Amino acid sequence: MNYVFGPVSSKRLGQSLGVDLLPSKSCTWNCVYCQLGRTKEYVTERREFFPKEDILAEILDAVSSGKKIDWITFVGSGETTLYKGLDWLIAEVKKATEIPVAVITNGSLLCLPEVRKELLEADAVLPSLNAGSAELFERIDRPASGFTFEKHVEGLRLLRQEYRGKLWVEVMLIRGLNDSEAALNDMAAVLAEIRPDMIHLVLPTRPAPESMVGIPDEELVQRAVFILSAAAPVLHPAKGEMNLGSAENLLDTVAAIASRHPVQERELETALGKLFDGDAAKIREALDSLFASGRFDKVRQGEELYWIVKTA
Ligand code: SF4
């Protein structure tokens, strides 16, 4: 297979069949944390790098293999939307299967109307936003000339207006770069304008080209979750174990946690299990009663069910 890989297990997308549309590494950015290494030469012109019919044939082959696939995910060895013809690929995949389609993108080309149009039929779009100011954007994402912070944010804002699918903005949290209170407040303000359905907070756990890239400690991650959740529910990158043992009021405690970040139903069941000594009937009763309060919605992410607090 040249273009298709997996399915790979992904916390966010369950069993995700990856589709790589680009020669490595073709990107408009040169992020300090990029797992593909430094961008040697920026690529900024969109084109059909490989024949779309060949890519489609591989996707359909993989889909008919019988393997469990939760999402078909377009994700390039660089910036996915540099591939011209994504709309055709998405439409053809959707004609052939009901498996939802996701596009992972840095979002740098969303300021172009034709790029936003190509994404309209995707079920989820996952663009990046790593900074709430032009200065930090330049330091972290190191874009090609002309790819400004203002254009980036405008592209995300316009996509939100035009796109009806799930918009999950990915934020890479980097120690000492964008994990300060001020940087996070800036980012939360920008995210509030964009209005994503969810924020996926991710950490630079893979080898990065720049030695200054590090993972913030848990306390800073929690602070980031708390600050960014003012803009949208935040999917926590590496959950600690939920402890409900000292909860005076179970409903208020679970609602307080879920208002900061979505709570995985499995995790909630485990925490209730500890509270009720594994009594399955009591766990079920507590789950039913919490949900019956009307304070939560359930959303599916990949294979996982999450509880979020209902917005007014
Ligand atoms: S946008 Fe993605 S591929 Fe491009 S440099 Fe950044 S991390 Fe690497």
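Since the structure is predicted, the reported quantities are computational estimates derived from the model, not experimental observations. The figures that follow rest on heavy atoms only: side chains count, while hydrogens, waters and symmetry mates do not. Counting starts at 1 for both ligands and their atoms, in listed order.
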Margin query: Cation-pi check for Phe296 against Lys310: NZ or CZ below 6.0 Å from the six-membered ring centre and within 45 degrees of the axis, yes or no?
Written below: no
Notebook entry, point to check: Is there at least one protein heavy-atom neighbour under 4.0 Å from atom 2 (Fe) of ligand 1?
Noted result: no
Next item on the list: Kindly write out the residues that satisfy ring pair (Phe, Tyr, Trp, His ring centres under 6.0 Å) with Phe49, not counting sequence neighbours, or none if the list is empty.
Entry: none
Next item on the list: Please list all pairs passing the salt bridge (Lys or Arg N to Asp or Glu O under 4.0 Å) test where one or both residues lie in residues 30-42, with sequence neighbours left out.
Entry: Arg38-Glu210
Check: What do you reckon, are the aromatic ring centroids of Trp29 and Phe137 less than 6.0 Å apart?
Finding: yes
Checklist line | Neighbouring protein N, O or S atoms of atom 8 (Fe) of ligand 1 [cut-off: under 2.8 Å, no waters] | finding: Cys34 SG
Next item on the list: If a pair satisfies side chain to side chain donor-acceptor pair (under 3.5 Å) and one of its residues is in residues 180-191, list it, with sequence neighbours excluded.
Entry: none
Margin query: Hydrophobic clustering (ILVMFWY, side-chain heavy atoms < 4.5 Å, transitive) - are Ile99 and Ile59 grouped together?
Written below: yes
